[in-house]
Every structure is written in structure tokens, then in C-alpha cells.
Amino acid sequence: MTRTASRRDIPKAYDPKLVEKRIYDLWMDGGYFTPQIDRSRKPYVLMMPPPNVTGELHYGHALTTALEDLMVRWHRMKGEPTLYLPGTDHAGIATQVVVERMLASDDLSRHDLGRQRFVETVWQWVDRYGGTINEQIKRLGASCDWTRQRFTLDEGPSRAVRTTFVNLYKKGLIYRGERIVNWCPRCATALSDLEVKHQEDSASLYHIRYVLEDGGGAITVATTRPETLLADTAVAVNPGDDRYSHLVGKSVILPVLGRVIPIIADEAVEPEFGTGALKVTPGHDPADYEIGERHGLPIVNVMNLDGTLNDNAGHYEGVDRFDVRRQIVQKLEVDGLLEEVEDYHHSVGHCDRCGQVVEPIVSKQWWMRMAPLAKPAIEAVEDGRIRIIPERFTKVYYNWMHNIRDWPISRQLWWGHRIPVWYCGECAGVTVEHEDPDACAECGSDRLERDSDVLDTWFSSALWPHSTLGWPDQTEDLDYFYPTGDMETGHDILFFWIARMIMMGLENTSDIPFDTVYLHGLVRDPDGVKMSKSKGNVLDPLDLIDMYGADALRFALTTGNSPGNDMRLNEQKMEASRNFANKLWNAARYVITNLERGRSSGGWVWPPSPTHLEDRWVLSRLNRVAAQVDRYMNEYQFGEAQREVHDFLWSEYCDWYLEMSKVRLRAGDESPVPVLAFVLERLLRLLHPFMPFITEEIWRNLVDHLPREADAPTALIVAAYPQADASMFDEAAESGIGAVIEMVRAIRNLRAEFRIQPNQSLEATVDAPAIRRVIEAEAAAIRTMAQVDPLIIGSSSSATDRPASGQVVSLVLAQGTVTVPLGGLVDLVQERARLSKELEQVEGNRARLAARLRDEKFLAKAPGDVVERERQRLATLGDRGARITETLSRLG
RNA sequence: GGGCGAUUAGCUCAGCUGGUUAGAGCGUCUGUCUUACACACAGAAGGUCGUAGGUUCGACUCCUGCAUCGCCCACCA
């Protein structure tokens, strides 16, 4: 292909690699991501869910970023001062585990280093790898304000954590208590219920005989964890269980240890389960703990925090819990106390982080009283101040909030926000203050020791929307940007994070943290399997960006699925998205090439208001698309919005308008050029939130050729988002071009059916009095697109001049008939059959419509416009049917 | 034990206030390198919308039961 010297080379295929980095730098340099505080305008704010500081980009991040950034860019283009605030999370256990693993490769534990050196090591790790995730998020095109980036351990958010703790402590909403908690022996810390994942495991149910102290027989209990019998302090039966009622009040001898424990009655015992008798282990089972509380049973703890048994376990001290289980079972067998071993499936709690079986242990932890905090948070959703999308999750939210339990917030880790509590060595008093104390608040002693625990990571996450903006200080940012707008995240952290943000936001600021929660589903692999490192089916989004481009990845992740539903990502979808980007690229190449052919924009009317039917049609369609997109965006139906633009761009702008424009351009008529350019420019705007890189790149190449609009933007990222202009809606143009398209399609169809050579033109006679002027105006386009020559525009009278029947094929369209002489190619019998079949269809539809329009109930109850539409359709069908009948009769 | 979701073309999925001849991408079949694009163009085939009922003038869309798959919550040892 030869090019004149003046024409710039535009590559034939879009290459994202040449564009993305440069465009991102351009946005950064332009400062477009940092909003200007303008009191006269309401800002749009979206807080990025902070990824783990040492994390690497996975599909969850990619999806979340794609969705958030499209919302953010849309709002920014609507002229709202827009803040998309990024940040990272210190991710307590997760990060500590990673660093511990690294130490382990040098045969070191954190205890070898000591607390201070270990924390320093983690900080080094964070400094080294902490930037990785942000660089990866940039590659997706996230338009976040990096000048406001926050880390949960930053001074500001840390002070927010401290302030919240002290305030809630003083209000009595944070307290210290000894009770049963989930304990991970591997991580050596307490866990909240949410951090425990239950899995179905196969196990054994052991039936163990406990001999009565009075020698009068025995009672048999069933358990899956025989080792816990070392901590039994009772045997319980249901009070209504006749089998055992005579035993209540007696005592049994605990196997192995020989302790004497009572038999008690408690409603919690299910008579149908196992033997109907339950060994009660308040120290190591949550249900038993409650029974123990009701009956004042002593609590025995037989376990160390690393999962080995302690000195309460007799000679099992120091042995791992699972080894003890085996040894106890053996011992019971030897003693003849093991009656039966039943195969059994039940769900076992595992640590969410490391997968170890969690052990319920009684220990002293800090707790947050949740019920009082949940109440206003429930109300905020009930009264609509906060909306959850998709709506079905509001029920899930209510269910959890109504049954909320106190939250254990202390973690026996070293990495995190240290609990701001000092214990007095003199009087055992507790000092909790905003500033580090020098003396005990109770006795004034300086023998203070700080609590060694840190807070659950989610404690600081819960404050994110306000702590990042400066709270507890009344900063300008907080004042202007809070409460935020949309909160977008995966539905898997509805409880972990969303619910807690709502509670803490309301508590700390007396205001909601955001007004809308948008929850997305999981990204799955092509087989629908959840991606996980252990399964090895995790694809690296960065690889996909390298292969297909960030825009294609974003488009693939945000189309063809709906909020809250999981989605599969596969190669085909990536290819389709890349192809779409390429389609846009080439349409732009065509338009820009025409602009560069020296066709001056000097005399253009801008925006164009053309008279040509095709131009009016494409502008009308553009405005209808803009209206639809606006509707979908407002309803958070991002996939539908994109489909709308995609279909218009590909199927109407490219396949029809652009092809039609070639006809006029070849004839030396340059009038389509401004329209081509204008529609392209608006399409770039419409598409920018979804495919930011390619649209910005094309836009830069395009705008130099266009007339300057008032308030011309310096970059597409800040160009105004297109709003529908109803004055551009043009019914006549739409129905006119609709008829042209129908006609061209019918002739093409005929060409394929009769296997007409592509280069062979056909003669066609159009008989369509109702749209004669449209056909005349579009004759050149029809000739080219349908390969017709000559195109004879006839009237009813000229129909008689047609060649003899049997030589022609008649295409009976909605508003006209096209006859094409095909000579010997036409098989009279086949032609009659074809038309008869069509007639049959038309008549079928007509009969159905007519029946509906005869139905008085329909006429009485259906809305007027529906009835009117049906009447129109019936009339059109009637006309068409009549013409088919006439044609058939001529065939004889 | 509760709660939720899914079930639409061979595959992956849209279709959200009930009114089309039920759509898209991929795949399949037939043509075409037609100077924007073969990452493309033109044309075609392919669906009793899981199942049984109900509401309605009208149901893929609303209600109920059932089936299959998946998810969440819950202290049954």
C-alpha cells in the first residue's frame, strides 16, 4: 500500500504495548486523577478496597479495578470532582505468614529474631515489595489519585484505629474477656468466626464408655475428638431422655485420667445423636462451653497454644493433639472402654489463612460488643440510605447482622496495630488512653506494661472510608469527600468488610460511609472452577494484558455478566474483546485517513446537522444509544451499557454507515466526513470508561483534525460524557434506512441462495411507492451494497413491463417488492414454494395478530400504545401478504 | 437445619419495571484477501427459555411445588 508523504503511518492492527504505558503517563502528567475541590459541586468518591501490601495482582483485583475504574471515569466525564482513592492493607496474618515462611527457609522463626527485629524485617519486606501491586493496578489503567494513597499502618489511619479503640473502650463497647475462641495452632493466634472456614471431612465417631462411680454400670458417649476427654468436666444427657434420667446426678469416672465428673441434664443434648450422651468439654468446644456456663462446670484447658497438650493432660504433655488422639484411642481399646468406631462425615473448622484445623480454646481476648453497633447499621440499609446491589444480598446482610456475635479483635501476632492498653504492675489496673501513658490511671505507678497483642486487620479496614480522609481530624478532605459514593467489592467480604465499615462509619462519623454497595461475583477458570493457587489454575492477569491489552481484559471482565454472579474467563472471550478493540482501531483508521486526505474542517458545521438521510439516521441512532447507555449506567448495568455501544459501533456504524459513506466519498461527495468524525468522537467518549487506553490514543489522533468545540477538553479522560439530544431523534430517517437495509439484505440473501458470482451485478426493479423517495435518495448505496446494476425504480404501472414470469425472483419486503430477473436460474416450482412458505409465515403471524385485535379483553385491558403497535403491524403484514399473493398468482 | 443463586442455541452467557418473529460472542456450514479491519466481510443453520401447575388479555420475565448443580450462614458432640 502506497502512502503519500503527508500521511502518518497508523498500524493496521492495534498494538496495546505501544500505547498503554505512554497514555498512562500522559494522564499522570496531566494530573487528571487528582480532583479539584469545588464546593459548588458534589464530588464522586470511590475507595479502592486496599489489596494486601505484599500481594500480587490476581483476577479479583483485575475485576474489581475494571469495574471501579469504569464507574470512576464515567463520573469524572460527567463533570463531577472525582476521587478514586488507592491504598494497601497491612494484612496482619497474611503478611506475617509470608515473612515467617521466608525466615523458615533460613531455619529461623520470628521468636529467634524477637518482636522488634521481626517487625523491622516485615517493614523491609513491605518497602521492597509493597509497590508491586500498585504498579500492576496501574497497568489496568486505574485512574486513582496516587497523591492520596494510604497504607493502613500509616500515621493517619493508625491514629484513627487508636482513637476508635479508646472511644469504644470508654463507651464499654470494647472489653476484655476470657471465653472460648477459635485458635489456630499454626498461626498461634485467636481467630474470629469469619476467619474459620468449615469443610466436610471424613472422620470417626468414637463411642466411649464412662463407668459409673458407684459401680452400677456405665454410660456411653460419642465423640469425634477423643483426646478432648482429658478436659471433660461432665457428661450431659437430655432432661427428657428416659434412658438416662435415672443417671442424672450420679458421677462417672473419666477414662484415662480417672477424675470423677458428674452426669447432668441439659436441653442442648440431642437424644437422637450418637448415644444420646454427650461428654462435656467446656475448655475445648463452644457448645460445651455454653453448657458449662449454665451448670457452673469447671473449665479445664489441656492444650498449649501450639496444638500440643499441656500439663493438665498428664503424661500426654508436650504431645501433638493428633498424636494424642491416636494414643488415647489405643489406650481406650486396651482398657476395653471403646465400644464402637463409626465412620462419620462432619464439617471441621480450618484456618482461613493456613488451612490448619482450628482448635476451640478458652483464652483471654479483647472483644467488641456488636449488637449496639449493628442496630444503626441495619437501619441505614432498611431506610434506603445505603443500597446494596444486587438487592438479594440485603437479605444476607440482615441475616448476619441480626444474629451478630461479639467480635474477638485481638490477635496474638506482631504485625499490625498494637493494642493501646497498658497493664499496671502494681495494682493490675488497666490504662487505655489516646496518648501513651507514663503512669497507671488507677494508682499512678509507672510500672506499666503494654498489651502484647495487635488488632485484627479488619479493624483498620472497617475505618477505611473515613480514616483515609483524615478522621479523627476534621480535615478538608473529610469534610468534602465523605460520605463516599459507591463501594465496589466481592460478595465474599460482605461481612468481613462491608458490614463492619457501615457499623464503624456510623459510629465514628454519625454518617454512612457510602451510599451504594456494588458486589461482584467470582472470576472462575474456563471450567467454572474457582481459581486458587493450590489448584494451580490461577492465570496471571498481567500475562493477559501482555497478550491482548488492558482494554480487552477490562472489556472481557465487565461484559456478558451481571452483578453478583460468578463469571468464567476464557481465551475466546479475550479474543473477542481484543477483536472489538481492533475493530474500533480500524474504523478510526478509516476516518482519520479520510480527514488526512486534506479535507479541511474549516467550513464544517460542528456539531454536524446534516440533511442526508444516512447522516440523519446515524446521528439519530447515536443519540438513542447515548440515552440507553445513560439508563444502563445509572442502573449499574455496565455489561448492558457496553453491549449497547459495542453493537452500535460494530453493526451500525461500521457495517452500514461506514460502508454507505464510501459510496458518496468515491463519488466525490465529502459530506459524510464530518458525520463520520463526529460519531467516532462521540463513540470514543462513550467507550472511554470501559476501554480507556485505546480510546484516548485514537482521540489524540483524531481531534487535531476537528473543529475546536467550546470548552474543548485537553484529554478524552476529562471530555464530557455524551448525553442524548432528543432533537436528533429522527423516526423518518430510522425507518427509511431500515427499509434500505432490509432491501440490501434481501438481495444479498438472494445472491447467496442462487450462488451469483460476487463480481456479477444483478438487475433489480423496486416497486415501493410508499418509500419511493427514500429509495431514490439511497439508490447509489443500494446499487453498491447489493451489487445491483441497473436499479430500476418502478411504479405499480411499470410492474407490467417486467420480464415474463418464471424468469424473475420476487422479494416481497415490508414496504415494497423487488424483482430480480434471473433467467434460466429460476426454477418455477422452487420459486413458488419459496413464496408460499413466506406467505404461510406472514399469514400465520397475521392470523395471530388479527385474533388478538379481535379479543375484547385485550382491547379493553392492554395499554393503548400496545394496541396501536399491533394494529400497525397487522396493516404492514396485510399489505405484504397481499403482494405475495399477487406475485404468486402471476407465477400461475 | 436455614437462606440464596443458577438452569435460555453445540459452548460461555445477556435478556432487571410482563407486550420482539427470544439475542450476543465463540463454534459449525457456504461464499469472499471487496484499498478501515481475514483480529475481517456477506450469507445460513441452530432454542417446546429445567419441569409441573397457577396468576394475566398476554409469561423467558410474576407466584407455588419439584428436579439437578453451586454458594452462604449455623455450637449438633
Side-chain angles (χ1 to χ4, degrees), chain A residues 1-2 10 12-14 180 193 198 205 221-225 228 236 268-270 272-275 277-281 285-291 344 346-347 360 390-393 395-396 399-400 403 491-492 494-495 521-522 526 528 530 548 559-573 575-594 635 637 639-640 643 646-647 654-655 658-659 662 745 748-753 755 757-759 784-785 787 841 844-845 848 852 855-863 865-867 869-870 873:
Chain A
M1 182 177 172
T2 55
I10 305 178
K12 214 167 167 177
Y14 172 61
I180 199 153
D193 290 345
H198 289 268
L205 189 61
V221 302
T223 181
T224 52
R225 295 187 297 157
T228 62
V269 181
E270 293 284 341
E272 285 76 30
F273 187 89
T275 61
L278 169 72
K279 58 187 273 312
V280 183
T281 321
D285 185 280
D288 293 6
Y289 182 82
E290 285 175 19
I291 294 174
Y344 189 62
H346 68 151
S347 77
E391 208 213 331
R392 63 174 188 269
F393 283 104
K395 253 194 272 182
V396 181
N399 184 50
W400 191 73
N403 298 295
H491 63 69
D492 52 331
L494 179 60
F495 307 141
L522 250 54
K530 185 174 172 175
Y548 302 100
T559 51
N561 65 329
S562 43
N565 287 347
D566 293 353
M567 64 168 311
R568 302 182 194 195
L569 189 65
N570 55 39
E571 220 173 293
Q572 289 75 34
K573 199 158 184 183
E575 281 176 10
S577 302
R578 177 205 56 193
N579 293 354
F580 177 54
N582 197 239
K583 188 74 181 175
L584 171 62
W585 182 256
N586 276 291
R589 220 157 61 91
Y590 170 79
V591 174
I592 292 170
T593 305
N594 274 299
E635 291 172 358
Q637 295 189 54
E640 287 297 289
R643 187 193 49 72
H646 170 278
D647 290 356
C654 288
D655 288 350
L658 208 140
E659 293 303 322
K662 290 176 182 172
R745 282 203 172 125
R748 282 173 175 172
N749 194 328
L750 174 145
R751 298 181 63 96
E753 201 178 323
R755 303 191 177 277
Q757 293 299 312
N759 55 2
T784 303
M785 291 192 295
Q787 263 296 72
Q841 272 178 1
N845 281 337
R848 223 183 43 230
R852 195 175 299 168
D855 185 345
E856 279 169 32
K857 286 182 190 162
F858 173 72
L859 295 174
K861 297 196 176 178
D865 59 320
V866 171
V867 176
R869 200 175 342 135
E870 301 288 59
R873 282 169 57 197

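Here the structure is a predicted model, which is why all the values come from computation and not from measurement. Labels below follow one simple rule: chain letters A, B, ... track the order of the sequence lines, proteins then strands, and each chain is numbered from 1.
- Taking atom C1' on both C69(B) and C75(B), the two are 29 Å apart, rounded to the nearest angstrom.
- Remark: the separation of the C1' atoms in G15(B) and A52(B) is 24 Å, to the nearest Å.
- Rounded to whole Å, the distance from CD on E659(A) to C1' on C37(B) is 10 Å.
- In this pair, W400(A) and F495(A) present their aromatic rings parallel. The plane angle is below 30°, not in the 30 to 60° band.
- Between E571(A) atom CD and G27(B) atom C1' the separation is 14 Å, expressed in whole Å.
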Pairs: protein N or O with nucleotides 38-45 of chain B N or O, under 3.5 Å:
from, atom 1, to, atom 2, distance (Å)
C39(B), O4', R578(A), NH2, 3.4
C39(B), O4', N579(A), OD1, 3.0
C39(B), O2', N582(A), OD1, 3.3
C39(B), O2, R578(A), NE, 3.3
C39(B), O2, N579(A), OD1, 3.3
A40(B), OP1, N579(A), ND2, 3.1
A40(B), O3', K583(A), NZ, 3.0
C41(B), OP1, K583(A), NZ, 2.7
C41(B), OP1, W650(A), NE1, 2.6
A42(B), O3', R748(A), NH1, 3.4
A44(B), OP1, N749(A), ND2, 2.9

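- A74(B) and G3(B) have their P atoms separated by 15 Å, given to the nearest Å.
- Not a single donor-acceptor pair under 3.5 Å links the side chain of R852(A) to the backbone N or O of E870(A).
- Summarising the geometry, the separation between NZ on K857(A) and C1' on G58(B) is reported as 12 Å, rounded to the nearest angstrom.
- Rounded to whole angstrom, the span from the CG atom of N594(A) across to the P atom of A36(B) amounts to 8 Å.
- Within the 4.5 Å cutoff, side-chain heavy atoms of D285(A) are placed close to those of R225(A).
- When all heavy atoms of V396(A) and L494(A) are compared, the closest pair comes out as CG1-CD2, 4.0 Å.
- Listed here is the closest heavy atom pair of Y14(A) and A581(A): CD2-CB, 4.4 Å.
- Ring geometry, F393(A) versus H491(A): the interplanar angle falls under 30°, so the pair is classed parallel (tilted spans 30 to 60°).
- Dense packing is recorded around CD of E753(A), with more than 12 heavy atoms of other residues, nucleotides or ligands lying under 6.0 Å away.
- Straight-line distance from the CZ atom of F495(A) to the C1' atom of C71(B): 12 Å, rounded to whole Å.
- Between the CG atom of N845(A) and the C1' atom of A22(B) there is a distance of 14 Å, given to the nearest Å.
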What string of B, S and - do you get for nucleotides 4-20 of chain B 5' to 3' if you count protein non-hydrogen atoms under 4.0 Å?
SS------SSS-B--BS
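- Across all their heavy atoms, V221(A) and L278(A) have their closest contact at CG1-C, 4.1 Å.
- With a 3.5 Å ceiling on both atom-pair distances, the Watson-Crick or G-U wobble partner of U28(B) is A44(B).
- Base-pair partner of U35(B): not found among the strands shown (Watson-Crick or G-U wobble, both distances under 3.5 Å).
- A distance of about 15 Å separates the P atoms of U51(B) and U68(B), rounded to the whole Å.
- Nucleotide G18(B) forms no Watson-Crick or G-U wobble pair with any nucleotide shown, as no partner meets the under 3.5 Å limit on both distances.
- Counting heavy-atom neighbours within 6.0 Å of E391(A) CD, excluding the residue itself, gives a total of 12 or less.
- Figure legend. A59(B) is base-paired to no nucleotide; pairs are counted as Watson-Crick or G-U wobble with both atom distances under 3.5 Å.
- Formation of a donor-acceptor pair under 3.5 Å by the N582(A) side chain with backbone atoms of R578(A) is not found in this model.
- Cation-pi geometry between K662(A) and Y590(A) is met: the NZ or CZ atom falls under 6.0 Å from the ring centre, inside 45° of the normal.
- Pairing each heavy atom of R568(A) with each of K573(A), the nearest pair is O-CD, 4.4 Å.
- Annotation: A38(B) and G46(B) have their C1' atoms spaced 25 Å apart (nearest Å).
- Here the side chain of N586(A) pairs no donor or acceptor atom with the backbone of R589(A) at under 3.5 angstrom.
- Base pairing analysis places A52(B) opposite U64(B); the two distances defining the Watson-Crick or G-U wobble pair are each below 3.5 Å.
- For U35(B), neither phosphate oxygen OP1 nor OP2 lies less than 4.0 angstrom from any side-chain nitrogen or oxygen of K662(A).
- One atom, CG of L658(A), and another, P of C37(B), lie 11 Å apart when rounded to the nearest Å.
- Across all strands shown, C75(B) forms no Watson-Crick or G-U wobble pair with both key distances under 3.5 Å.
- Comparing G65(B) with G2(B), their P atoms are spaced 13 Å from each other, to the whole Å.
- Between Y590(A) and D647(A), it is D647(A) whose nearest contact on RNA chain B lies nearer the 5' terminus.
- For the pair H491(A) NE2 and C73(B) P, the computed distance is 11 Å after rounding to whole Å.
- Look at the P atom in both C60(B) and U20(B): the space between them is 10 Å, to the nearest Å.
- For C4(B), the paired base is G70(B) (Watson-Crick or G-U wobble, both distances below 3.5 Å).
- Contact between K279(A) and T228(A) at its shortest, heavy atoms only, is NZ-OG1, 2.6 Å.
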Filtered N/O pairs between nucleotides 74-77 of chain B and protein, under 3.5 Å:
from, atom 1, to, atom 2, distance (Å)
C75(B), OP1, R405(A), NH1, 2.4
A77(B), OP2, Y344(A), OH, 3.0
A77(B), O2', A222(A), O, 3.2
A77(B), N6, E270(A), O, 2.7
A77(B), N6, F273(A), O, 3.2
A77(B), N1, E270(A), N, 3.2

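- Taking atom P on both U61(B) and G5(B), the two are 15 Å apart, rounded to the nearest angstrom.
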